[in-house]
Amino acid sequence: MKYWLMKSEPNTFSIDDLETMKNQTEHWDGIRNYQARNYMRDDMRIGDKAFFYHSNCDVIGIVGIMEIVRESYPDFTAFDSMSNYFDPKSKIETPRWMMVDVKFVEKFKRTISLNELKEYPQLKDMLVIKRGQRLSIQPVQKNEWDFIIGLLKP
DNA sequence: GCCAACGTTGGC
DNA sequence: GCCAACGTTGGC
């Protein structure tokens, strides 16, 4: 099983939104970056776990956990000229962008902020704490995952 | 295939 | 709102 971190701006889609979706499940649409797409398409498998990360907001950081429940399939928002994510270069016959379905697992009692993540030497290699790192889907190492889960214990 | 211009991300 | 970092585009 692999571990991931997936960013979303809570103004657009927050962990609370995910929790209130039907079946607590939603497609993760709007990824328009090749490296992030490749991670979804090539490496994400059903049962993988992902941190839900809130970006561009008051309290930036990891807010909970979700699970991958459907492997990659074409991102239909790319075909919709009314969508913010419309991409005329992505055709139904040859879709350029993919998405996965994610299911809510838990919301943490507290946000593990970006500032806090930066404090721990154990996490110094995490992509998310590196300046200018904009990848919206990032792999997380098992030891990093376990360390972060450990922070939640009293 | 290079690279300048441009657009976007996302922390601050 | 600013702007550094980075990805993409398109002329050559």
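In what follows, chains are A, B, ... by sequence order, proteins preceding strands, each numbered from 1.
Looking at heavy-atom distances under 4.0 Å, R32(A) makes no contact with the nucleic acid at all.
The side-chain hydrogen bond (donor to acceptor under 3.5 Å, both in side chains) check on N115(A) picks up nothing, with sequence neighbours excluded. With sequence neighbours left out, Y34(A) forms a side-chain contact (heavy atoms from CB on, under 4.5 Å) with R37(A), R96(A), W97(A).
Contacts classified as ring-ring contact (aromatic ring centres under 6.0 Å, His included) and involving residues 1-31 of chain A (residues at least two apart or in different chains) are given here: Y3(A)-W145(A), W4(A)-Y39(A), H27(A)-F76(A), W28(A)-F52(A). Sequence neighbours left out, the pairs with a member in residues 105-142 of chain A that pass ring-ring contact (aromatic ring centres under 6.0 Å, His included) are Y120(A)-F147(A). Within the structure, the salt bridge (Lys or Arg N to Asp or Glu O under 4.0 Å) test picks out the following pairs touching residues 105-117 of chain A (sequence neighbours left out): D16(A)-K107(A), R110(A)-E116(A).
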What does nucleotides 6-12 of chain B look like as a protein-contact string, B for base, S for sugar-phosphate only, - for none, at under 4.0 angstrom between heavy atoms?
-BBBBBS

